[in-house]
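Chain identifiers are assigned alphabetically (A, B, ...) following the order of the sequence lines, protein sequences preceding nucleic acid strands; residue numbering begins at 1 within each chain. Every heavy atom of this structure was used, including side-chain atoms; hydrogens, water molecules and symmetry mates were not.
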There are 2 protein chains.
Amino acid sequence: MVEEQHLDAIFQALSDPSRRRMLAALSAGEASVSSLAAPLDMSLAGASKHVQVLERAGLVSRRKVGRQQILALEAKRLREARDWLERYARFWADALDALETALEEETKR
Amino acid sequence: MVEEQHLDAIFQALSDPSRRRMLAALSAGEASVSSLAAPLDMSLAGASKHVQVLERAGLVSRRKVGRQQILALEAKRLREARDWLERYARFWADALDALETALEEETKR
DNA sequence: CTGTTCTTCAACCATAAGGTTGAGTATCGC
DNA sequence: GCGATACTCAACCTTATGGTTGAAGAACAG
């Protein structure tokens with residue numbers, strides 16, 4: 001069951017390109033805050049705040065290793081968002097299929 | 001191809017519960033601004049602004065019928081967002097499958 | 001112990017977002 | 001034409017967001 005209140009935070013987190021780049025980077029494996037920040041043309045503190053947004057949305061988990069914070073993708077929440085979208089995206093596809101079929105029927109006659 | 005700049009607007013639009021309710025309502029068929037606003041406990045002007053956000057994100061299209069603005073779901077953009085998520089959601093599922101397989105192998109030995 | 005590295009925190013700033021009210025524009029019903 | 005209906009626009013308010021800098025905490029390297 002997709003939690004309605006989770007979706008607020010998830011989609012809001014996904015709405016920023018810097019955060020999406022971080023997630024993209026994390027899909028290639030775990031990474032520290034600074035390695036995620038490196039390609040982002042912003043201060044480390046700024047990047048750190050983005051990581052916190054992702055974490056609050058449940059999209060990443062962190063683990064302390066020495067003085068580094070190692071981030072990892074949390075697919076569960078990513079899937080909640082995808083499932084929500086899937087419902088509408090699929091519904092519409094079905095509706096269009098139905099329309100197409102109806103048009104074909106029409107053409108036959 | 002998913003347009004990176006579209007995603008900003010799409011996910012931002014999806015991050016508000018009122019707007020998601022509107023999309024949910026629209027999945028049952030077209031609707032006017034006021035019928036979308038009715039269940040939302042906010043002024044009509046407020047709802048109208050939400051509709052504009054959805055429209056700018058390309059998630060709905062509108063058509064004027066008399067004095068009404070009839071909104072309809074635009075599945076294309078919805079699918080862009082879903083596809084983006086799908087990539088990461090699926091990736092991680094695969095990674096977990098691989099991990100599971102590895103653990104099974106381990107157990108056998 | 002000292003200095004450097006990795007990261008967060010606090011304070012601040014500018015702008016965007018979500019909401020309101022009040023007025024204005026079309027359109028319909030009569 | 002006249003009043004009600006369906007919006008949108010503009011102005012405004014409050015809070016959130018995305019960014020900065022400067023300082024501070026924790027852990028490693030020598």
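- Computed from coordinates, the B/Met22 CE to D/dC7 P distance equals 11 Å when rounded to whole Å.
- Remark: B/Ser34 is not in phosphate contact with D/dA6, judged by side-chain N or O atoms under 4.0 Å from OP1 or OP2.
- Using modelled atom types, one side-chain atom of A/Arg20 and one backbone atom of A/Leu14 make a donor-acceptor pair closer than 3.5 Å.
- Between B/Trp84 and B/Phe11, the ring planes are perpendicular. Angles over 60° get that label, and only those under 30° would be called parallel.
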Run B/Glu80 and B/Arg77 through salt bridge (charged side-chain N to carboxylate O under 4.0 Å, His left out) and show every step you take. CA-CA 5 Å; B/Glu80 280 190 31; B/Arg77 288 290 168 81; 3.5 Å; yes
Nucleotide by nucleotide, nucleotides 15-26 of chain C touches protein heavy atoms under 4.0 Å in the pattern (B base, S sugar-phosphate only, - none) --SSBBB----S
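- Note: CD (A/Gln68) to P (D/dC28) measures 10 Å, nearest angstrom.
- For B/Leu36 and D/dT8, the CG to C1' distance is 16 Å, given to the nearest whole Å.
- Checked against A/Ser61 for a side chain to side chain donor-acceptor pair (under 3.5 Å), the options A/Glu74, A/Glu30, A/Lys76 give a single hit: A/Glu74.
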Would B/Met42 and B/Ser18 count as a side chain to side chain contact (heavy atoms under 4.5 Å, CB included) if you check the C-alpha gap in whole Å, the side-chain angles of each, and the deciding distance to 0.1 Å? CA-CA 10 Å; B/Met42 78 172 56; B/Ser18 302; 3.7 Å; yes
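- Partner of B/His50 under the side chain to side chain donor-acceptor pair (under 3.5 Å) criterion, chosen from B/Arg21, B/Arg19, B/Glu55: B/Arg19.
- Spacing between atom CZ of A/Arg63 and atom P of C/dC6 amounts to 17 Å, rounded to whole angstrom units.
- For A/Ile70 and C/dC6, the CD1 to C1' distance is 10 Å, given to the nearest whole Å.
- Proximity of A/Tyr88 to B/Arg82: side-chain heavy atoms (C-beta onward) are nowhere separated by under 4.5 Å.
- Between A/Leu14 atom CG and D/dG18 atom C1' the separation is 16 Å, expressed in whole Å.
- In terms of modelled atom types and a separation under 3.5 Å, the side chain of A/Ser34 and the main chain of A/Ala37 share no donor-acceptor contact.
- Applying the 4.0 Å criterion to OP1 and OP2 of D/dT8, one finds that B/Arg62 has a side-chain N or O inside that range.
- Taking both residues in full, the closest heavy atoms of A/Leu36 and A/Met22 are given as CD2-O, 3.8 Å, listed atom of the first, atom of the second, then distance.
- Comparing the axis of the opening five pairs of the helix from C/dC1-D/dG30 to C/dC30-D/dG1 with that of the closing five pairs yields an angle of 30°, rounded to 10°.
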